[in-house]
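Remember, predicted model here, so these are calculated numbers, not experimental data. Values reported hereafter were calculated over all heavy atoms of this structure, with side chains retained and with hydrogens, waters and symmetry mates removed. Along the sequence shown, residues are numbered consecutively beginning with 1.
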Amino acid sequence: MGGSTRGPGALDGDEVLGQSPYERLSQRMLDISGDRGVLKDVIREGTGDPVTPDASVLVKYSGYLEHMDKPFDSNCFRKTPRLMKLGEDITLWGMELGLLSMRRGELARFLFKPTYAYGTLGCPPLIPPNATVLFEIELIDFLDSAESDKFCALSAEQQEQFPLQKVLKVAATEREFGNYLFRQNRFCDAKVRYKRALLLLHRRLAICEEQHLVEPAELLVLLNLSFVYLKLNRPAMALRYGEQALLIDQRNAKALFRCGQACLLLTEYEQARDFLVRAQKEQPCNHDINNELKKLSSHYRDYVDREREMCHRMFAPCGSGSSVGGN
């Protein structure tokens with residue numbers, strides 16, 4: 001998180017003036033709840049639109065009690081924070097109100113009075129009763145799935161009544177969710193989101209005049225599905241979606257590469273080589289493609305050696321003592 005190395009709740013010289021650090025800090029903070037129950041101080045401005053209700057947010061946060069250097073709660077130790085949905089995963093009312101005031105990339109400091117935090121009882125043994133707490137929150141990103149969830153719940157006939165741009169927007173949101181889940185190594189969950197996006201786009205492909213607008217979005221989803229099936233160790237499905245991507249763009253290097261990877265896992269070496277050589281022709285300096293070709297060469301040599309050894313054993317002359325039923 002931003003700020004000094006000293007915890008925001010630590011003691012300082014402000015108490016000489018008869019005020020606690022939090023009282024002193026609150027005087028220059030913005031009231032965003034209307035009753036001074038949630039106060040905000042922006043450390044770094046964000047960009048774009050503020051967080052929407054029902055969005056899922058990706059945040060880093062640390063919570064402090066007054067006079068304490070170390071946070072009582074923090075997720076900053078995580079390499080990739082968990083995606084949290086407003087109204088479900090966010091348990092503090094003050095944090096939810098605070099997040100609704102933030103924009104992507106923003107870093108802010110909040111004071112939550114007990115009513116907006118842990119109440120009159122606190123949360124023993126960490127949080128004492130009637131505690132005002134300070135949170136530093138960084139909004140990395142947010143995804144608004146409310147619109148997407150409502151749209152996907154409609155029947156196919158109802159969805160067809162909406163303009164294409166609406167469908168493309170919802171499909172893009174589903175793909176973004178899938179990408180986030182993929183980065184979390186939640187490959188099965190990512191696959192579900194990608195398939196929802198693909199289903200929405202397939203329904204619009206029946207309208208001929210829209211195909212040139214739908215196919216670029218479909219291509220991205222097919223590439224993601226091919227990749228996620230490789231991660232799930234299901235190369236046959238990865239090959240299937242990679243080949244569908246090639247029907248849209250037969251020279252797409254990623255699609256050719258995914259198909260090559262899938263065929264290598266399936267031990268279809270000749271087919272793997274064909275795909276990878278075509279991918280290399282599109283991107284000669286791509287290290288991943290070149291390394292995959294080296295891997296293919298190594299696997300193929302091992303395969304040939306094993307086949308040769310097997311043939312040798314099958315057709316080698318039997319020793320005199322090894323015949324069965326001999327006289």
Checking the side chain of [X] only, and the main-chain atoms of [Y] only, is there a donor and an acceptor separated by less than 3.5 Å?
{"X": "Asn286", "Y": "Gln280", "value": "no"}
{"X": "Glu136", "Y": "Leu107", "value": "no"}
{"X": "Ser226", "Y": "Leu223", "value": "no"}
{"X": "Arg103", "Y": "Gly48", "value": "yes"}
{"X": "Gln283", "Y": "Ala279", "value": "no"}
{"X": "Asp31", "Y": "Ser33", "value": "yes"}
{"X": "Ser20", "Y": "Glu23", "value": "yes"}
{"X": "Ser298", "Y": "Lys294", "value": "no"}
{"X": "Asn75", "Y": "Tyr61", "value": "yes"}
{"X": "Gln261", "Y": "Leu276", "value": "no"}

Checking Leu168 against Leu201 for the side-chain contact (heavy atoms from CB on, under 4.5 Å) test, could you report, in this order, the C-alpha distance in whole Å, the side-chain angles of both residues, the deciding distance, and whether it holds? CA-CA 7 Å; Leu168 293 176; Leu201 295 170; 3.8 Å; yes
If you define the side chain from C-beta out and look only at heavy atoms, does anything of [X] sit under 4.5 Å from [Y]?
{"X": "Tyr180", "Y": "Ser56", "result": "no"}
{"X": "Thr120", "Y": "Pro114", "result": "no"}
{"X": "Leu86", "Y": "Leu100", "result": "yes"}

Would Lys295 and Glu292 pass as an ion pair if we require N to O under 4.0 Å? yes
Electrostatic pair Arg278:Asp274 at N-O distance under 4.0 angstrom: yes
My understanding is that only one of Arg44, Lys60, Arg104 makes a salt bridge (Lys or Arg N to Asp or Glu O under 4.0 Å) with Glu138; could you say which? Arg44
With a 6.0 Å cut-off on ring centres, are Phe275 and Phe257 close enough? no
Would you check if the distance from the ring center of Tyr194 to the ring center of Phe182 is below 6.0 Å? no
For Glu176, side-chain contact (heavy atoms from CB on, under 4.5 Å) partners two or more places apart: Leu143
Measure the spacing between CG of Leu246 and CD of Glu243 and express it to the nearest 0.5 Å. 7.0 Å
Does a sphere of radius 6.0 Å around NZ in Lys40 hold more than 12 heavy atoms from other residues, nucleotides or ligands, not counting ones at 6.0 Å or beyond? yes
State whether the number of non-hydrogen atoms from other residues, nucleotides or ligands found under 6.0 Å of Gln27 atom CD is greater than 12. yes
So, using salt bridge (Lys or Arg N to Asp or Glu O under 4.0 Å) as the criterion, who are the partners of Glu96 when residues are at least two apart? none
Can you tell which of Tyr64, Tyr116, Phe112, Tyr118 makes a ring pair (Phe, Tyr, Trp, His ring centres under 6.0 Å) with Phe135? Phe112
Answer with yes or no whether the hydrophobic clustering places [X] together with [Y]; edges join I, L, V, M, F, W, Y residues whose side-chain heavy atoms lie under 4.5 Å apart.
{"X": "Val221", "Y": "Leu232", "answer": "yes"}
{"X": "Leu30", "Y": "Val51", "answer": "yes"}
{"X": "Leu293", "Y": "Leu239", "answer": "no"}

If you take all heavy atoms of Leu111 and Ser26, which pair is closest and at what distance? CD1-CB, 3.8 Å
Please work out whether the ring planes of Tyr229 and Tyr241 are parallel, tilted or perpendicular, with thresholds of 30° and 60°. parallel
